[in-house]
J.: 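I'd like to ask you about the structure that follows.
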Amino acid sequence: MAATLALAVPTSAYAAQGVLIIDGVGHQDPSGCFPLGDFVPSVVTNHTDAIAEVRSGPDCTGQVDWLVYPGETYHPNGSRSVFVL
């Protein structure tokens with residue numbers, strides 16, 4: 001049973017706790033890559049306990065354009081995706 005618990009716990013520990021809001025849509029306990037809108041100015045609001053990386057390319061490729069710390073809002077200009085660990 002201890003081996004099962006050891007395998008189950010680490011996967012839940014990697015998601016941020018809280019809500020990441022991208023273009024008005026909330027993502028509860030986000031983890032991974034999220035696209036930004038192509039045709040409207042995007043807004044990223046970070047209400048999690050993790051830092052969100054705004055990236056220049058789609059699918060979280062390219063350079064990190066900005067770090068959105070917990071409690072901050074950022075208006076990306078030309079960025080294409082957001083990554084949260």
Side-chain angles (χ1 to χ4, degrees):
M1 177 153 59
T4 303
L5 182 59
L7 292 175
V9 172
T11 56
S12 62
Y14 287 103
Q17 300 296 307
V19 178
L20 180 70
I21 303 170
I22 300 173
D23 299 335
V25 176
H27 303 275
Q28 184 70 41
D29 299 334
S31 178
C33 189
F34 299 88
L36 293 175
D38 289 330
F39 303 105
V40 297
S42 291
V43 178
V44 177
T45 302
N46 187 357
H47 292 295
T48 73
D49 60 356
I51 298 170
E53 296 179 347
V54 178
R55 296 200 161 250
S56 62
D59 302 318
C60 293
T61 60
Q63 67 183 12
V64 175
D65 288 338
W66 196 260
L67 298 176
V68 185
Y69 288 88
E72 292 185 344
T73 296
Y74 179 64
H75 300 269
N77 185 15
S79 300
R80 303 289 310 273
S81 55
V82 177
F83 179 77
V84 179
L85 180 63

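Note: hydrogens, waters and symmetry copies are ignored here, and every other heavy atom, side chains too, is used.
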J.: Is there a path of hydrophobic side-chain contacts, each under 4.5 Å between heavy atoms of I, L, V, M, F, W or Y residues, that connects Val64 with Ile51?
T.: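 Yes, Val64 and Ile51 fall within the same hydrophobic cluster.
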
J.: Under the side chain to side chain donor-acceptor pair (under 3.5 Å) test, which residues partner Ser81, sequence neighbours left out?
T.: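 Expected list: none.
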
J.: So, Asp23 side chain and Val43 main chain: donor-acceptor pair closer than 3.5 Å or not?
T.: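 A pair under 3.5 Å: yes.
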
J.: Using side chain to side chain contact (heavy atoms under 4.5 Å, CB included), reason through Asn46 and Glu72 one step at a time and then give a plain yes or no.
T.: CA-CA 6 Å; Asn46 187 357; Glu72 292 185 344; 5.6 Å; no

J.: How close do Pro30 and Gly18 get, counting heavy atoms only, and between which atoms?
T.: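 Taking Pro30 first and Gly18 second, the nearest heavy atoms are CD-O, 3.7 Å.
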
J.: Between the side chains of Thr61 and Asp59, is a donor N or O closer than 3.5 angstrom to an acceptor N or O?
T.: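 Absent: no donor and acceptor within the cut-off.
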
J.: If the condition is side chain to side chain donor-acceptor pair (under 3.5 Å), which residues does Thr73 pass it with, not counting sequence neighbours?
T.: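 Partners of Thr73 under the side chain to side chain donor-acceptor pair (under 3.5 Å) test: Thr45.
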
J.: Can you name the closest pair of heavy atoms from Gly62 and Ser56 and give their distance?
T.: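 Taking Gly62 first and Ser56 second, the nearest heavy atoms are CA-OG, 3.4 Å.
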
J.: Got a sec, which hydrophobics cluster with Phe34, joining ILVMFWY side chains under 4.5 Å apart, including via others?
T.: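 Result for Phe34 is Leu20, Ile22, Leu36, Val44, Val54, Trp66, Val68, Tyr74, Val82, Val84.
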
J.: For the CZ atom of Arg55 and the CG atom of Asp65, what is their distance to the nearest 0.5 Å?
T.: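 Those atoms lie 9.0 Å apart.
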
J.: Rounded at 0.5 Å granularity, tell me how far CD in Glu53 sits from OG in Ser79.
T.: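 Nearest 0.5 Å value for the CD-OG distance: 12.0 Å.
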
J.: Between His27 and Ile21, does a side chain to side chain contact (heavy atoms under 4.5 Å, CB included) hold up when you go through it step by step?
T.: CA-CA 6 Å; His27 303 275; Ile21 303 170; over 6 Å; no

J.: Within the supplied structure, the quantity of interest is the number of heavy atoms (other residues, nucleotides, ligands) at a distance under 6.0 Å from Asp49 CG; does it exceed 12?
T.: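 It does: Asp49 CG has more than 12 such atoms within range.
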
